Amino acid sequence: MVGGGALHEFYAMSLPSGRRLERTAAVAVGAALVPLLALAPHPWGLAALAISVILLAILFLLRYRNLETVAPQFGLVLLGLLYVPFLLSHLLLLRGLPYGREWVFLVMLVVMMGDSCAYFSGITLGKRKLYPAISPKKSVEGAIGGLLGSLAGAFLAKAWLLPALTIPDAVVLGIVLGGVGQLGDLFESMLKRSFNVKDSGIIIPGHGGLLDRLDSLLFVFPPAFYYALLRFGP
């Protein structure tokens, strides 16, 4: 449900209104892909992705409209599938690991504490612009504060949720996941600027859309899953 809503926001920003059928089909396909990519036995998740791409390609072939725009529009459909369902499926993969619930809470702590510390350090100490072309309000000081907040979140998760983590684990997870989360936020800001919109949606009053809330998490769930898998096994 959340993946489908976020994907709908992405296509509402990126595809023209004349592509309503393609948008609806891609959202339905993307919502189904999240559990299939995460839960289907190998290689059937990849098979579902391949079949989805082929079916959507056929839909565009039958409704190509303007040949000059069909390739960029189909490219945006594929970007949406990779950006939302593929990345989001790693939430379910992470949840399926031993202590998966604790790992998911670790991710949430790292991201939320990073966001909060970035905001408060940015408004109190921020002087140097981080990336003004993409996000004019973000500062270098805010980014550093966000990393420190993410680091604190990782150590809290170690103390309360995952005592098997070592201090080096907490340091790596805090810095890597915190940094990747900030990059996810900047990536979504870049997309919104390229589509000339302020927020991805209005479903959350005062905070934009679902995609605005998921932007950091979409980038953080995959490295968290692969770190947990490689470090601690299935």
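The model shown is predicted, which means the values in this text are computed figures rather than measured ones.
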| task | Begin with the C-alpha distance, continue with both residues' side-chain angles, and end with the deciding distance and a verdict on side chain to side chain contact (heavy atoms under 4.5 Å, CB included) for L162 and L106. | result | CA-CA 8 Å; L162 288 164; L106 178 145; 3.9 Å; yes
| message | Between V107 and F221, is the side chain to side chain contact (heavy atoms under 4.5 Å, CB included) condition met? List the steps. | response | CA-CA 7 Å; V107 168; F221 281 126; 3.6 Å; yes
Enclosure of [X] [atom1] (heavy-atom neighbours >12, cutoff 6.0 Å):
| X | atom1 | answer |
| --- | --- | --- |
| I167 | CD1 | no |
| R101 | CZ | no |
| Y227 | OH | yes |
| R20 | CZ | no |
| M108 | CE | no |
| N66 | CG | yes |

Side-chain touch [X]/[Y], heavy atoms, less than 4.5 angstrom:
| X | Y | value |
| --- | --- | --- |
| F232 | L97 | no |
| D115 | Q182 | no |
| M113 | L156 | yes |
| L76 | F195 | yes |
| K192 | D199 | yes |
| L161 | L109 | yes |
| L173 | V110 | no |
| L61 | V70 | no |

| With sequence neighbours left out, which residue pairs that include part of residues 33-82 fulfil the ring-ring contact (aromatic ring centres under 6.0 Å, His included) condition? |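 For residues 33-82, and leaving out neighbouring residues, the ring-ring contact (aromatic ring centres under 6.0 Å, His included) pairs sorted by first residue read F60-F74.
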| field | Contact list for residues 132-187, test ring-ring contact (aromatic ring centres under 6.0 Å, His included), sequence neighbours left out | value |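 Every ring-ring contact (aromatic ring centres under 6.0 Å, His included) pair that includes a residue of residues 132-187, provided the two are not neighbours, is Y83-F187, F187-F219.
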Check [X] against [Y] and note the closest heavy-atom contact, atom names and distance.
| X | Y | value |
| --- | --- | --- |
| S121 | G142 | OG-CA, 3.4 Å |
| G45 | A40 | N-CB, 3.8 Å |
| A154 | A170 | CB-O, 3.3 Å |
| L214 | A6 | CD1-CB, 3.8 Å |
| G80 | P85 | O-CD, 3.2 Å |
| L87 | P222 | CD2-CG, 3.8 Å |

Just by distance, do the side chain of [X] and the backbone of [Y] share a donor-acceptor pair under 3.5 Å?
| X | Y | value |
| --- | --- | --- |
| E9 | L211 | yes |
| S89 | V34 | no |
| Y11 | A26 | no |
| R95 | G100 | no |
| K129 | P136 | yes |

Linking I/L/V/M/F/W/Y whenever their side-chain heavy atoms sit closer than 4.5 Å, directly or via other members, would [X] and [Y] fall into one cluster?
| X | Y | answer |
| --- | --- | --- |
| M190 | V84 | yes |
| L79 | L186 | yes |
| L81 | L46 | no |
| L130 | I175 | no |
| V176 | F225 | yes |

| request: Let me see the working for L177 and V111 under side chain to side chain contact (heavy atoms under 4.5 Å, CB included), right down to the final yes or no. | output: CA-CA 8 Å; L177 299 186; V111 170; over 6 Å; no
List in chain and number order the residues that pass salt bridge (Lys or Arg N to Asp or Glu O under 4.0 Å) with [X], two or more places apart in sequence or in another chain; answer none if no residue qualifies.
| X | value |
| --- | --- |
| D185 | K138 |
| R19 | E22 |
| D169 | R231 |

If you round to the nearest 0.5 Å, how far is [atom2] of [Y] from [atom1] of [X]?
| X | Y | atom1 | atom2 | result |
| --- | --- | --- | --- | --- |
| K158 | E102 | NZ | CD | 14.5 Å |
| E68 | Q73 | CD | CD | 11.5 Å |
| L36 | I51 | CG | CD1 | 9.5 Å |
| L49 | L82 | CG | CG | 7.0 Å |
| D212 | S189 | CG | OG | 8.0 Å |
| L165 | Y99 | CG | OH | 11.5 Å |

| query | Checking side chain to side chain contact (heavy atoms under 4.5 Å, CB included) for the pair L88/L7: CA distance, chi angles, key distance, verdict? | reply | CA-CA 11 Å; L88 189 60; L7 195 58; over 6 Å; no
| Residues two or more places apart in sequence or in another chain: which of them pass side chain to side chain donor-acceptor pair (under 3.5 Å) with Y226? |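 Y226 satisfies side chain to side chain donor-acceptor pair (under 3.5 Å) with H90 once adjacent residues are dropped.
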